[in-house]
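As structure tokens, the structure follows; a few thoughts come after it.
Keep in mind the model is a prediction, meaning the values are calculated, not measured. Naming convention: chains lettered A, B, ... in sequence-line order (proteins, then strands); numbering from 1 in each chain.
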2 protein chains.
Amino acid sequence: MTTRRVADLPKPTEAELAILGVLWDRGSGTVRDVHEALYAHEGGGYTTALKLMQVMHAKGLVERDDSQRAHVFRAVVSKERTQKRFLSDMVDRVFDGSASQLVLHALGSQSASREELKEIRQLLNRLDRESK
Amino acid sequence: MTTRRVADLPKPTEAELAILGVLWDRGSGTVRDVHEALYAHEGGGYTTALKLMQVMHAKGLVERDDSQRAHVFRAVVSKERTQKRFLSDMVDRVFDGSASQLVLHALGSQSASREELKEIRQLLNRLDRESK
DNA sequence: TCCCCTCAACGAATGACTTCGTACAGCATG
DNA sequence: CATGCTGTACGAAGTCATTCGTTGAGGGGA
């Protein structure tokens, strides 16, 4: 396996997702960056972070610039695309394929600010118009 | 481990969730019921379903009536509670804790019927009123 | 009674994810 | 050059989820 279409990339695991989160925030990062952001303060070993990132690279989830001694990693998949991926997986597996059921649960149980509610309402209006 | 508070129940795995889905639909079911609903048509073995349900029973996810020769299983956790659980896990892990970000993604990428949109709007109105 | 069918129990094998120990390379400093 | 620091590579071990084969119990029918 040398290359892989983006659509084929495996779903990130728990630990991989946390690492992607750091890379999305920073744009890019070394193993040390990730280790300090995620593992250092709770005793996680440096090589644990390293190994995970090597695995992620093998899977194609991250790309690596090894022109520096400390290799620089960058996420291959965008945050939005990954969020969408997780979302539709969950709609299928947990909400019987009904996204609006999920939305109702999410709105009902979690808190949203007034601005967020406004934003949701605007999207709702647009959807309403489009579905005419 | 003999008993366990509901709140402590482990998050169902992929396969466990599918089995819970059958039990939620039917109210209860035997291993054979579950096997036929999920595994039979794709060549999955009977003992695979059995083992999974034994594991689920050991974890406390299902209860078992063994007064009949074919034990009858029933979900311990409700569908709604489980949906909520998965939802908030995902909000934390994938959407940086923002439920409304998740809602926006879900509304944007998935389809919803007009009735569903209406229902969402009503909930939105109520939330808006309450946040005053 | 004897055989067959359905069932639960159990253990083994596999594969994925995670964690960590060890080895080794490059570089700077004394 | 020797030492120490920072880095990558690699493999082993542990855990968990999943799948399946085998065994044995129990009940019904020939």
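Counting any heavy atom pair closer than 4.0 Å across all strands shown, B:Val31 reaches sugar-phosphate atoms only and no base atom. Nucleic acid contact for B:Thr13: sugar-phosphate only, since backbone atoms but no base atoms lie under 4.0 Å from a heavy atom of the residue.
Atom NE2 in A:His71 sits 14.0 Å away from atom CD in A:Glu63 (nearest 0.5 Å). Going from atom NZ of A:Lys79 over to atom CG of A:Asp25 covers 6.0 Å, rounded to the nearest 0.5 Å. The CG atom of A:Asp89 lies 8.5 Å from the CE atom of B:Met90; values are rounded to the nearest 0.5 Å.
One can place CD1 of A:Ile19 at 11 Å from C1' of C:dT18, the figure rounded to the nearest angstrom. Taking atom CD of residue A:Glu36 and atom C1' of nucleotide D:dT6, one finds them 12 Å apart after rounding to whole Å. Atom CG of B:Leu52 is separated from atom C1' of C:dC10 by 15 Å (rounded to the nearest Å). Rounded to an integer number of Å, the gap from NZ of A:Lys11 to P of D:dA17 is 15 Å. As a whole-Å value, the separation of B:Met53 CE from D:dC20 C1' is 17 Å. One can place CG of B:Leu61 at 10 Å from P of D:dA17, the figure rounded to the nearest angstrom. For B:His57 and C:dA9, the NE2 to P distance is 9 Å, given to the nearest whole Å. Going from atom CD of A:Glu14 over to atom P of D:dC16 covers 15 Å, rounded to whole Å.
When the side-chain nitrogen and oxygen atoms of B:Lys59 are compared with OP1 and OP2 of D:dA17, one or more of them lie within a distance under 4.0 Å. Residue B:Gln54 has a polar side-chain atom (N or O) positioned under 4.0 Å from OP1 or OP2 of C:dA9. Within the structure, a side-chain polar atom (N or O) of A:Tyr46 is placed less than 4.0 Å from OP1 or OP2 of D:dT8.
Checking C:dC7, D:dT18, D:dA9 against every side-chain atom of A:Arg64, the shortest atom distance belongs to D:dA9. Checking D:dC20, C:dT18, D:dG7 against the side-chain heavy atoms of A:Glu16 singles out C:dT18 as nearest. Nearest to the side-chain atoms of A:Leu50 among the listed nucleotides C:dT18, D:dT8, D:dC20 stands D:dT8. Checking C:dA9, D:dT18, C:dT18 against every side-chain atom of B:His71, the shortest atom distance belongs to C:dA9.
Between the side chains of A:Asp96 and A:Ser98, no donor-acceptor pair of N or O atoms lies under 3.5 Å.
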*Under 4.0 Å protein heavy-atom contact, by nucleotide of nucleotides 22-30 of chain D - B base, S sugar-phosphate only*: B---B----
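No more than 12 heavy atoms of other residues, nucleotides or ligands lie within 6.0 Å of NZ in A:Lys118, so this atom counts as exposed by the packing criterion.
A:Thr30 places a side-chain N or O within 3.5 Å of a backbone atom of A:Asp33 that can act as its donor or acceptor partner.
When side chains are defined from C-beta on, B:Phe86 counts as touching B:Pro12, because their heavy atoms get closer than 4.5 Å. Residues B:Arg126 and B:Leu123 form a side-chain contact, since some pair of their non-hydrogen atoms from C-beta on lies under 4.5 Å apart.
Summary of the strand contacts: B:Lys51 and B:Thr30 both lie near DNA chain C, and taking for each the nucleotide with the nearest heavy atom, the more 5' one is attributed to B:Thr30.
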